[in-house]
Number of protein chains: 2
Amino acid sequence: MTKRERAYSRYTKDAAILLGKGIKLARKARKFTARDFAERVGISRITLQKIEKGDLKCGLGIVLEAAALAGVKLFDVDPARGNFAAHLESVNDKLALLPKSIRKRRQEVDDDF
Amino acid sequence: MTKRERAYSRYTKDAAILLGKGIKLARKARKFTARDFAERVGISRITLQKIEKGDLKCGLGIVLEAAALAGVKLFDVDPARGNFAAHLESVNDKLALLPKSIRKRRQEVDDDF
DNA sequence: TTAGATTGATCATTATAATGATCATAAGAC
DNA sequence: GTCTTATGATCATTATAATGATCAATCTAA
């Protein structure tokens, strides 16, 4: 194969753009140059550029790390103050109630098309 | 270099774990097998496994795509309705008020340590 | 207005993420 | 209990993300 050519939904595209712009906004509000901020995150300036543009092919970890250092809230949790303990516990509880493995359904009717 | 060896903050790690478990929870609640769901997202079953475990080295795009299909909200925006317009406008407005380029500061005092 | 610095962009190279194949385990349907 | 199938995990291979170098344009501070 010569190309990957992946298709992304509008939601995915917009979510990444919003996240990237949020990072850029927070970085500037805190008066960090792109170079300095990238260094803080542990990535190159070029990669930070991609992240701030909402490039979908960046790694999840470095994007989240940039968001955390910039102070962008994920799941409504402030990186500087909160943690995810409560959220995690809730999800774990709900997961425990569901079957370990799912049997295949013949029809797929669970989406809202 | 033989290894990458990146360091991530707890916030980043937990955010990814929460996101992954949220996807797994939503997938099971909708009775999709891992194989079927991965196919829907357009990724392999192995990659879905990594995403659901909160692997930070997965691509942002495929993780967001999985979250969108599962119905997991990263921000306050519901994937089903998915209107980022208002949020984007707000961020753009604020960005317009900040300087295009940031001058280096001698001291870094903007974080709350 | 000028000078130095920041940003945006492109390209080749290198490191690494994504995949398919495969096996063991165990969970659900009967 | 038995049988079928979903899941978790590992490994080698391939596709691709991350990087450094570099250049032009533009911005900020003086």
Side-chain angles (χ1 to χ4, degrees), chain A residues 1-8 12 16-17 20-21 23-66 70 95-106 108, chain B residues 1-8 16-17 20-21 23-66 95-106 108:
Chain A
M1 276 114 220
T2 48
K3 253 195 198 169
R4 195 92 260 286
E5 205 63 45
R6 225 185 261 279
Y8 297 103
T12 292
I17 291 174
K21 288 204 172 185
I23 291 170
K24 186 173 195 168
L25 178 63
R27 169 179 68 79
K28 288 194 170 185
R30 298 187 176 195
K31 302 223 191 316
F32 283 113
T33 68
R35 187 192 320 271
D36 286 349
F37 187 71
E39 188 178 353
R40 278 213 161 200
V41 180
I43 60 178
S44 72
R45 189 172 66 92
I46 292 90
T47 302
L48 178 62
Q49 278 185 9
K50 291 181 186 171
I51 291 175
E52 293 186 344
K53 275 197 301 184
D55 191 320
L56 291 167
K57 287 167 294 189
C58 295
L60 176 68
I62 55 180
V63 175
L64 292 184
E65 193 71 17
L95 263 176
L97 297 178
L98 289 173
K100 297 284 177 64
S101 71
I102 305 293
R103 292 286 127 167
K104 190 164 189 149
R105 333 181 55 188
R106 44 229 141 271
E108 304 173 355
Chain B
M1 276 113 222
T2 47
K3 255 195 197 169
R4 196 92 259 285
E5 205 63 44
R6 224 184 263 280
Y8 298 102
I17 291 174
K21 289 202 172 185
I23 291 170
K24 187 173 196 166
L25 178 63
R27 168 178 70 78
K28 289 193 169 183
R30 298 185 177 195
K31 302 225 191 312
F32 283 112
T33 68
R35 186 194 319 272
D36 287 348
F37 188 73
E39 189 178 353
R40 277 214 161 200
V41 179
I43 60 179
S44 72
R45 187 172 68 91
I46 292 89
T47 302
L48 178 62
Q49 276 186 10
K50 291 182 186 171
I51 291 174
E52 293 187 345
K53 275 197 301 183
D55 191 320
L56 292 167
K57 287 167 294 188
C58 295
L60 177 68
I62 55 180
V63 176
L64 289 182
E65 194 72 16
L95 263 177
L97 297 178
L98 290 173
K100 296 283 176 65
S101 70
I102 306 292
R103 293 286 128 165
K104 191 164 188 147
R105 334 181 54 189
R106 44 230 142 273
E108 303 173 354

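Heavy-atom basis, side chains included; hydrogens, waters and symmetry copies ignored. Letters A, B, ... are given to chains in the order of the sequence lines, protein chains preceding strands, and every chain is numbered from 1.
Rounded to a whole Å, the CD atom of B/E65 is 14 Å from the P atom of C/dA18. Taking atom NZ of residue A/K53 and atom C1' of nucleotide C/dG8, one finds them 8 Å apart after rounding to whole Å. Going from atom CD1 of B/I51 over to atom C1' of C/dA18 covers 10 Å, rounded to whole Å. B/R35 places its CZ atom 16 Å from the P atom of D/dT4, with the value rounded to the nearest Å. D/dT19 atom P lies 15 Å from atom NZ of A/K57, rounded to whole Å. One atom, CG of A/L48, and another, P of D/dA18, lie 12 Å apart when rounded to the nearest Å. Atom CG of A/L56 and atom P of C/dA18 are 13 Å apart (whole Å). Summarising the geometry, the separation between NZ on B/K50 and P on D/dT10 is reported as 11 Å, rounded to the nearest angstrom.
In the set C/dT19, C/dA5, C/dT7, C/dA5 carries the atom at the smallest distance from any side-chain atom of B/R103. If you check D/dT4, C/dT6, D/dT22 against the side chain of B/S101, the one that comes closest is C/dT6. With distances taken from any side-chain atom of B/K104 to the nucleotides C/dG28, D/dT7, C/dT6, the minimum falls on C/dT6. Taking only side-chain atoms of B/S44, from C-beta outward, the nucleotide of C/dT6, C/dG20, C/dA27 with the closest atom is C/dG20. Of the candidates C/dA9, D/dA18, C/dT19, the closest approach to any side-chain atom of A/T47 belongs to D/dA18. When the nucleotides D/dA18, C/dA5, C/dA21 are ranked by their closest atom to the side chain of B/I46, C/dA21 comes out on top. Looking at the side chain of A/A34, the nearest of the listed nucleotides D/dG8, C/dT7, C/dA18 is C/dT7.
Residue side chain B/R45 reaches the base of D/dG8 through a donor-acceptor N/O pair under 3.5 Å, judged by distance alone.
The residue among B/L60 and A/K100 whose nearest nucleotide of DNA chain C is located toward the 5' end is B/L60. Where B/L98 and B/E52 meet DNA chain D, the nucleotide closest to each residue was compared, and B/E52 sits on the side nearer the 5' end. Heavy-atom distances to DNA chain D give each of A/I43 and B/Q49 a nearest nucleotide, and the one nearer the 5′ end belongs to B/Q49.
When every heavy atom of A/I62 is checked against every heavy atom of A/V41, the shortest pair comes out as O-CG1, 4.1 Å. Minimum heavy-atom separation, A/Y8 to B/E65: CA-OE1, 3.6 Å.
Salt-bridge annotation for B/R27 and B/E52: present, with a side-chain N of the basic residue lying under 4.0 Å from a carboxylate O of the acidic one.
Proximity of B/R6 to the phosphate of C/dA15: no side-chain N or O atom is located under 4.0 Å from OP1 or OP2.
Within 4.0 Å (heavy atoms only), A/K28 reaches no atom of the nucleic acid at all.
Proximity of B/I43 to B/I51: side-chain heavy atoms (C-beta onward) are separated by under 4.5 Å at one or more points. Contact check for B/K50 versus B/I46: side-chain heavy atoms found under the 4.5 Å cut-off.
With A/K28 contributing its side chain and A/A34 its backbone, the two residues share no donor-acceptor pair below 3.5 Å.
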